[in-house]
Amino acid sequence: MRLIPYILYLILISFHVVILADLTSIAGVKIDLAAFIILTVAMYKGELAALWFGFLAGLTAGATLPDAIGWYALFGAVLGLTASRVKDRMNIEAVAAKLVIVFVGVILFNFAVSSVIQAEGLGALWWRDIPAGALYTTVLAAIFFAIKHGYLTGQRFKSIF
Amino acid sequence: MTWISSIFARYWRSVHLTLVAALTVALILRVGEINGLASRAVIGSFYYPFARLRMIASDFVGVRDDNQRLNNALVEASLKLSQLDEMRRENLRLSEIIGFQPPAGYGLIPARVISVLGTRLPVGATINRGSVEGVKFNQPIINQFGLVGRVISVETHTAAIQLLSDPANRVAARLSQSREMGIVKYDLMRGFMMDNFPTAGTINEGDTVVSSGLGGVYPPGLMVGRVVTIERPADIPFCHVMIEPMANFNSLEEVFVLKEQ
């Protein structure tokens, strides 16, 4: 398992947490880049890579909350492992199916994390912020998958004009 | 040792799962200092460079905002300083005219020049006093230096002045030393001059010219100007007497209307 790409993913997650999350938020709704990258690794890499990367990405995402860092790591590892197994068992290759996995995965990850660390305001978080954030993340995922699967290329983009 | 390798090879997936589970449980149960250690390691190695970058960016934004704020403050301060400077100059002018005494039998109506008419040299002006304040047609206008002109039209709160620098204006004048008389006027080609002064008259450069009171508009004794040059042409019986007016018509601000009592 080559480690450098995963370290770069962790750096990207840190960059997002510290700088990008605020810049890219729309009306307080943020992209959950950590969950998205865990799910992407789970869908394109092996089960063990997803497990370990989910664990480390959870640690990275929850580093500012030392008391809850274990829960972040647990839910990250579980998310990576589960997504990887779902993808393998159901043999998912279609972009739409991957988007459903991203949407559901991001929602479940955030529900789980918020139920552990959030003491109050869960209602608004669950019914407004988390679904909106998952939708925002899914839009980003759609662009990413469209580029990765060749639906969105430079040639096609240029042909529009 | 091969049996250990074979166990790892057979149960590699379980080993990884067990390791992750053990670490996670340790973190959740906060065994020892593991949470703080993990948190500090991630923050120190991954978060810190970006946090530093963000702080630098915020500092730059702060510097830009400060710069903008200071620029605005500088403009405001400059404006205030300019206003204060103008007030200081006005204060000096007003201090000079405090105690200014009108000729006997006349009272003063202080007025401010609110507009000036003329291109090369002002020939007329408007003051902020009118009939309500007692200003009347033909009343003389003076300032602390000397004669300025006369009122030629009066409105309710303003009045128009014909200045001495208007070529159509004439002042019956005399020399304060020799008491010889002439007519002071402004010639477009030659400037201020005293007309009709006989060649045989006694006149010297530097003599003071005052109003003679003979014209019926200006009372006698108002300072008009000072003799600058005297020419005595051989072919005519009058001198060319050039004078320098006492009042500066380019900087008129506060004036007085002379009101007969």
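Atom set for the values below is all heavy atoms of this structure, side chains included, hydrogens, waters and symmetry mates excluded. Naming: A, B, ... by sequence-line order, numbering from 1 per chain. Bear in mind the structure is a predicted one, so any value in this text is a computation, not a measurement.
- B:L17 touches chain A through backbone and side chain together, each having a heavy atom under 4.5 Å away.
- With a 4.5 Å cut-off on side-chain heavy atoms, B:Y47 and A:T60 count as touching.
- Counting heavy-atom pairs closer than 4.5 Å to chain A, the top-ranked of the candidates B:V25, B:V20, B:L53 is B:V20.
- Few gaps surround CG on A:L8; more than 12 heavy atoms of other groups in view lie less than 6.0 Å from it.
- For the options A:L74, A:V18, A:T64, heavy-atom pairs under 4.5 Å to chain B are most numerous at A:V18.
- The closest donor-acceptor contact from the side chain of B:T24 to the backbone of A:G70 lies at 3.5 Å or more, if one exists at all.
- Residue B:E90 places its CD atom among more than 12 non-hydrogen atoms of other residues, nucleotides or ligands, all under 6.0 Å distant.
- To the nearest 0.5 Å, the span separating CG on A:L12 from CZ on B:F46 amounts to 11.5 Å.
- Nearest heavy atoms, A:D22 versus B:R54: OD2-NH2, 3.0 Å.
- In this structure, B:E253 places its CD atom where more than 12 heavy-atom neighbours from other residues, nucleotides or ligands lie under 6.0 Å away.
- Here A:L48 contributes atom CG and B:R13 contributes atom CZ; the two are 7.5 Å apart, rounded to the nearest 0.5 Å.
- Relative ring orientation between A:F15 and B:F50 is described as tilted, the plane-to-plane angle lying within the 30° to 60° band.
- Enclosure of atom CE in B:M55 by more than 12 non-hydrogen atoms of other residues, nucleotides or ligands within 6.0 angstrom is indicated.
- Other residues, nucleotides and ligands contribute more than 12 heavy atoms inside 6.0 Å of the CZ atom of B:R89.
- Among A:L51, A:V78, A:L81, the residue with the largest count of heavy-atom pairs under 4.5 Å with chain B is A:L51.
- Note that CG of A:L56 is 9.0 Å distant from CG of B:L23, once rounded to the nearest 0.5 Å.
- Within 6.0 Å of atom OH in B:Y11, 12 or fewer heavy atoms from other residues, nucleotides or ligands are found, so the atom counts as exposed in its surroundings.
- The residue among B:I28, B:N35, B:I43, B:V42 with the most heavy atom pairs within less than 4.5 Å of chain A is B:I28.
- For the pair A:A73 and B:L27, the tightest heavy-atom approach, listed with the atom from each and the gap, is CB-CD1, 4.2 Å.
- Heavy-atom neighbours of A:Q155 CD from other residues, nucleotides or ligands within 6.0 Å: at or below the threshold of 12.
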